[in-house]
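Worth saying up front: this structure is predicted, and the values here are computed from it rather than measured.
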Amino acid sequence: MMLPSGPEAATRLLNFINASPTPLHAVHNAALRLERAGFLKIKEKDEWELQAGGKYYFTRNQSALLAFTLPQKWQPGTGLSIVATHIDSPNLRVRPVSKRENVGYLQIGVETYGGGIWHTWLDRDLSLAGRVVLKHKDGFTSKLIKIEKPLLRIPTLAIHLDRNVNQSFSFNKETEFVPILGLIEAQLNATANNSEKSQNATAIPASSIQANHHSSLLALLASELSVAPEEVHDFELQLYDTQPSVLGGLKDEFIFSPRLDNQYSSFCAVESLASHANSQAFSTQEGNVNAIALFNHEEIGSLSTSGAKSNLIPTLIERLSPNPAARGQSIARSFLVSSDVTHAIHPNYTNKHESNHAPKINGGVAIKTNAAQSYASDSITSFLLKQLIERKGGKVQNYEVRNDMVCGSTVGPMLSSLGLRTVDVGCPILSMHSIRETGGAHDVQALIDLFTSLFEGFSGVDEVLRVD
């Protein structure tokens, strides 16, 4: 697909999102970008042989990524300048036993993930992506899959059968939110019957999933991966919107896209670290270790091995500074920018914002604050953040929720509990948690500039500030 002309950074963001229908794909594509910039993949289970001036990354369960660069004079006790984001978004997940059918339709059982605006998933051209566990010559392996064709749909009920739909619309997510895969026909029945006869002829292994899903679905997955259906032993699949991310608006000032929350921030983090690591400035870099952390499962509370409440960042700090005293020094010298999209002022709902804290699309990065610490920003970390933006000639906005509304949160507060100075920021978008969100094409570069400023010179900004 030819993308319209627009800000170059925004166009690269579109390419990243279009190639990343799931967190697994986002991690994979982030790793490819880092490797092109000379980053070396290391593994948590191995001993790390790190060198000053080195560039490294590791992944956990294919669904979270940490990358870091070591300054030329790195030693234990060095602080870290970290950008933390999340890469998951509200979506629909295929159930472990997904086979459903009704009145001639083949359907797929799904489970909601996160707090989506679920009615926006109706009447969309949907497909499947994720990972599949396959039989391999040396055992088993996990392979990513992305089915490009529109495959599924959740149709609405015609207005003639629901005359009050425009006055009060609601639906049951268990019984009225089941995607259609196809029609039950003689050919499909024959395939299913043959599969059932084959399974009845021999004992079914405990690892077999053949009886849990439509044989036509398993055949499609196998065909996409060029294997036999019996070689598919398990999978994690989620639905995604096949309509690609695009630039829009009179002057291509908008981004119309799925998963801006929060692949937007994640792309900018990867791009900033990779670009800085290939710059002339990096060859003489002093000060902090520069790092990015792309977490999974933020939309459901971050309680997982790949979420922000896991030991991912503590593991990195401990392995860089094994001695407790050096580790304490490292934490005291560190600074974390928690980046997640924020709510842009909506022209049709201006009363949903506090009037002095109403960020605008393409107005620059917004600092997010909350007295109850749903965001971790305070006056010190906000000051440091503004100094970094100022160095690149950028603009700063502020977001704070109204007193009569509940404040959301993100990975910042939970990571600040490690003792890391933390600020929460984000670029404003509309329709957060819809299947299609709207962001600013010019804000992409603004966020990249902020992260680049952090990586280039946080230590210089920090050393002139006296607090404790």
Could you check whether Arg33 pairs with Glu271 (Lys NZ or Arg NE/NH1/NH2 to Asp/Glu carboxylate O, under 4.0 Å)?
yes
Between Thr452 and Asp449, is any side-chain donor less than 3.5 angstrom from a side-chain acceptor?
no
Using ring centroids (six-membered ring only for Trp), state whether Tyr57 and Phe39 fall under 6.0 Å.
no
Those residues that, when tested against His213, pass ring-ring contact (aromatic ring centres under 6.0 Å, His included) (two or more places apart):
Phe235
From Asn15 CG over to Arg12 CZ, what is the distance, rounded to the nearest 0.5 angstrom?
9.5 Å
Does the plane of the ring in Tyr113 sit parallel, tilted or perpendicular to the ring in His297? Use 30° and 60° as the thresholds.
tilted
By ring-ring contact (aromatic ring centres under 6.0 Å, His included), which residues pair with Phe58, not counting sequence neighbours?
Trp48
Between Glu148 and Lys146, does any side-chain N to carboxylate O distance fall below 4.0 Å?
yes
Quick one: list whatever passes ring-ring contact (aromatic ring centres under 6.0 Å, His included) with Phe451, sequence neighbours left out.
none
Salt bridge or not for Glu390 and Lys386, using N-O below 4.0 Å?
no
Decide, yes or no, whether a salt bridge links Glu174 with Arg95 under the criterion of side-chain N to carboxylate O below 4.0 Å.
yes
Salt bridge check, Glu44 against Arg60: does any charged N sit closer than 4.0 Å to a carboxylate O?
yes
Give a yes or no on whether the backbone of Lys251 and the side-chain of Glu253 come within a donor-acceptor separation of less than 3.5 Å.
yes
Regarding Arg93 and Glu111, does a basic nitrogen lie under 4.0 Å from an acidic carboxylate oxygen?
no
Going by distance alone, is a donor N or O of one side chain under 3.5 Å from an acceptor N or O of the other, for Asn18 and Ser245?
yes
Counting N and O atoms only, with roles assigned by atom type, does the side chain of Ser272 sit under 3.5 Å from a partner on the main chain of Cys268, one being a donor and the other an acceptor?
yes
Once you round to the nearest 0.5 Å, how far does NZ of Lys143 lie from OG of Ser226?
8.0 Å
Are any of the side-chain heavy atoms of Leu447 and Tyr264 separated by less than 4.5 Å?
yes
Any idea how Tyr375 and Tyr399 line up, ring-wise: parallel (<30°), tilted (30 to 60°), or perpendicular (>60°)?
perpendicular
Electrostatic pair Asp462:Arg421 at N-O distance under 4.0 angstrom
yes
